[in-house]
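Report on one structure; see the data block that follows.
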Amino acid sequence: MAQKVVAMILAGGKGTRLKALTRKIAKPAVHFGGKYRIIDFSLSNVANSDITVCGVLTQYESAVLTNYVGNGSTWGFDGVNGKCQSLAPHQTEEGANWYNGTADAIYQNLDFLDDEDPDYVLILSGDHIYKTTYNDMIDLHIQSGAVCTISVIEVPWEEASRFGILEVNSDDEITKFVEKPKKPQSNLASMGIYVFSYKELRKALIEDAKDPDSNHDFGSNIIPTLLAQNKKLMAYRFSGYWRDVGTLDSLHAANVELLPSMGKEDVIHFSEFPTVFSEDTHSMPQFVGKNASIDDCLVNQGAIILGHISHSVISNEVYVGEDAEVVDSYIMPGAKIGKGAKVYKAIVGPNEVIKDGEVINQDMAEVVLEA
């Protein structure tokens with residue numbers, strides 16, 4: 001059955017800047033917000049956009065991520081016309097190859113796309129935190145007649161060199177694109193979200209695969225080549241909360257930003273549509289002891305709080321012992337904070353144990369990781 005839109009989520013990232021958190025799992029599988037994994041956001045956005053076919057492209061340490069995604073039932077992809085399939089690099093007659101860039105990852109899965117026969121392909125990153133639906137962006141792409149539409153957001157000028165930077169005309173048609181420029185001429189940044197007309201995408205990927213000098217990357221190669229060919233590319237201006245949680249500092253900050261006390265307008269409101277779906281841990285209710293105190297925290301099911309927690313995000317099955325203190329921290333699932341322990345401005349990894357009386361990061365100079 002031909003599809004109007006197929007989503008492809010690039011989820012093979014190594015995430016080395018998250019250090020021990022990604023030693024054994026891919027970055028999109030990292031825990032977030034007390035009850036989610038990072039990839040929940042992209043998958044939920046696709047589902048809420050009524051896109052029923054989704055490929056999840058995995059590579060680095062893919063076992064946990066592949067098992068978590070499964071057949072996509074958590075996000076509603078297991079219906080009669082739905083499909084969510086993990087797509088790892090595979091051996092062919094030409095040999096076995098890793099994905100050698102974002103464009104190459106899609107190129108190696110053209111058979112999957114050909115089988116679905118879509119009119120348009122939505123390409124996403126699986127490691128960003130944001131809530132949206134893609135319908136308006138897809139409508140803009142169709143109405144404009146563009147070959148490619150890129151979702152963009154204005155970033156602080158001092159951070160612009162970290163992104164692919166665009167320049168546009170008065171109609172938001174893209175006139176220039178530079179990947180991670182040393183001296184940015186604009187602060188309009190690509191979010192790594194693309195809508196392509198499939199026939200044009202397929203042609204561009206095949207041509208790029210033949211180029212031995214290409215990095216086979218959308219930002220470095222595909223987009224600049226399409227511009228050089230005078231193809232029409234459009235910018236879609238995104239509004240709302242969006243975070244790249246690629247470092248310990250950004251992961252910690254994004255978790256803290258979930259707390260209503262932050263008083264920021266640019267935050268995620270989980271009570272509002274679109275919904276973020278996630279796997280239910282089927283935990284017992286949370287328990288708060290008679291001498292415990294909770295101030296300005298998110299506390300997930302299964303947590304046992306006997307000590308004192310403040311301005312923190314507490315995941316499922318976390319144990320905080322008597323007289324323990326947790327401040328300005330993100331505690332991942334299954335972690336244990338011992339009796340009388342003190343944890344300040346830290347990320348504590350899954351199932352990590354902080355011993356009785358241990359003190360973590362008392363000076364709070366920067367975010368630390370215990371994992």
Side-chain angles (χ1 to χ4, degrees), residues 7 9 11 21-22 24-56 58 61-80 82-86 124 126-133 241 245 251 254-255 257-260 267-288 294 297-305 309 312-320 329-337 347-352 371:
I9 300 179
L21 293 177
T22 51
K24 292 296 182 182
I25 63 172
K27 180 181 170 185
V30 169
H31 295 281
F32 180 84
K35 63 174 294 184
Y36 305 99
R37 291 182 187 261
I38 292 173
I39 198 170
D40 285 336
F41 292 83
S42 295
L43 285 168
S44 298
N45 291 338
V46 172
N48 287 319
S49 302
D50 295 322
I51 298 170
T52 59
V53 175
C54 180
V56 180
T58 63
E61 290 289 356
S62 61
V64 171
L65 182 60
T66 298
N67 183 62
Y68 180 72
V69 172
N71 68 348
S73 60
T74 298
W75 304 273
F77 291 111
D78 58 339
V80 174
K83 177 193 291 185
C84 184
Q85 183 172 331
S86 293
L124 313 169
D127 54 10
H128 295 156
I129 304 297
Y130 64 115
K131 285 175 55 175
T132 192
T133 57
Y241 184 94
V245 287
L251 179 64
N255 274 278
E257 286 170 347
L258 298 175
L259 301 173
V267 296
I268 287 180
H269 297 285
F270 286 107
S271 61
E272 299 175 357
F273 180 85
T275 304
V276 181
F277 303 101
S278 188
E279 184 179 68
D280 191 344
T281 60
H282 303 290
S283 305
M284 63 176 280
Q286 59 184 245
F287 174 77
V288 180
I294 299 176
C297 294
L298 294 178
V299 183
N300 197 25
Q301 62 192 41
I304 297 175
I305 310 299
I309 59 176
S312 296
V313 176
I314 309 297
S315 303
N316 56 286
E317 270 65 59
V318 166
Y319 176 89
V320 179
S329 295
Y330 172 36
I331 314 299
M332 291 188 170
K336 180 179 179 180
I337 313 300
I347 298 174
V348 178
N351 303 309
E352 183 70 14

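Note that the numbering runs from 1 along the sequence shown for the chain.
Side chain of Ser312 to backbone of Ser329: a donor-acceptor contact under 3.5 angstrom is found. Within the 3.5 Å criterion, the main-chain N or O of Ala63 finds no donor-acceptor partner in the side chain of Asn67. Of the possible donor and acceptor atoms, none in the side chain of Thr22 sits under 3.5 Å from a partner among the backbone N and O of Lys27.
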message = Between Leu258 and Phe32, does the side-chain contact (heavy atoms from CB on, under 4.5 Å) criterion hold? Intermediate values first, please.
response = CA-CA 10 Å; Leu258 298 175; Phe32 180 84; 4.0 Å; yes
ask   = Step by step, would you call Asn300 with Ile314 a side-chain contact (heavy atoms from CB on, under 4.5 Å)?
value = CA-CA 6 Å; Asn300 197 25; Ile314 309 297; over 6 Å; no
query = Would Arg37 and Val64 count as a side-chain contact (heavy atoms from CB on, under 4.5 Å) if you check the C-alpha gap in whole Å, the side-chain angles of each, and the deciding distance to 0.1 Å?
reply = CA-CA 11 Å; Arg37 291 182 187 261; Val64 171; 3.9 Å; yes
inquiry  = Is there a side-chain contact (heavy atoms from CB on, under 4.5 Å) between Gln301 and Thr281? Walk through the geometry before answering.
reply    = CA-CA 8 Å; Gln301 62 192 41; Thr281 60; 2.9 Å; yes
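Side-chain contact between Leu21 and Leu251 is present, with at least one heavy-atom pair separated by less than 4.5 Å. Using a 4.5 Å heavy-atom threshold, the side chains of Met332 and Ile347 count as touching. Within the 4.5 Å cutoff, no side-chain heavy atoms of Ser315 are placed close to those of His31. With a 4.5 Å cut-off on side-chain heavy atoms, Asp127 and Val245 do not count as touching. Residues Leu43 and Cys84 form a side-chain contact, since some pair of their non-hydrogen atoms from C-beta on lies under 4.5 Å apart. Looking at Val56 and Ile39, their side chains come closer than 4.5 Å, going by heavy atoms from C-beta outward.
By the 6.0 Å contact criterion, NZ on Lys131 is enclosed, its count of non-hydrogen atoms from other residues, nucleotides or ligands being greater than 12.
Between Tyr36 and Phe270, the angle of the ring planes stays under 30°, which puts this pair in the parallel group of the 30/60° scheme.
Remark: Lys336 NZ to Ile331 CD1 distance equals 14.5 Å, nearest 0.5 Å. Remark: Ile304 CD1 to Glu317 CD distance equals 8.5 Å, nearest 0.5 Å. One distance of note links CD1 of Ile38 with NE2 of His128; it measures 9.5 Å at 0.5 Å rounding.
Contact detail for Pro28 and Ala11: the closest heavy-atom pair is CG-O, 3.6 Å. Residues Glu61 and Lys24 approach most closely at OE1-O, 3.4 Å, considering heavy atoms. In terms of heavy-atom proximity, Ile9 sits nearest to Ser42 at CD1-CB, 4.0 Å. Contact record, Asn48 with Phe273: OD1-CE1, 3.8 Å, taken as the closest heavy-atom pair. Closest heavy-atom contact between Gly33 and Val313: C-CG1, 3.7 Å. Among all heavy-atom pairs drawn from Trp75 and Val69, the shortest one is CZ3-O, 3.6 Å.
When only modelled atom types and interatomic distance are considered, Ser278 and Tyr68 share a side-chain donor-acceptor pair under 3.5 Å.
Shown here are the salt bridge (charged side-chain N to carboxylate O under 4.0 Å, His left out) partners of Asp40, two or more places apart in sequence or in another chain: there are none.
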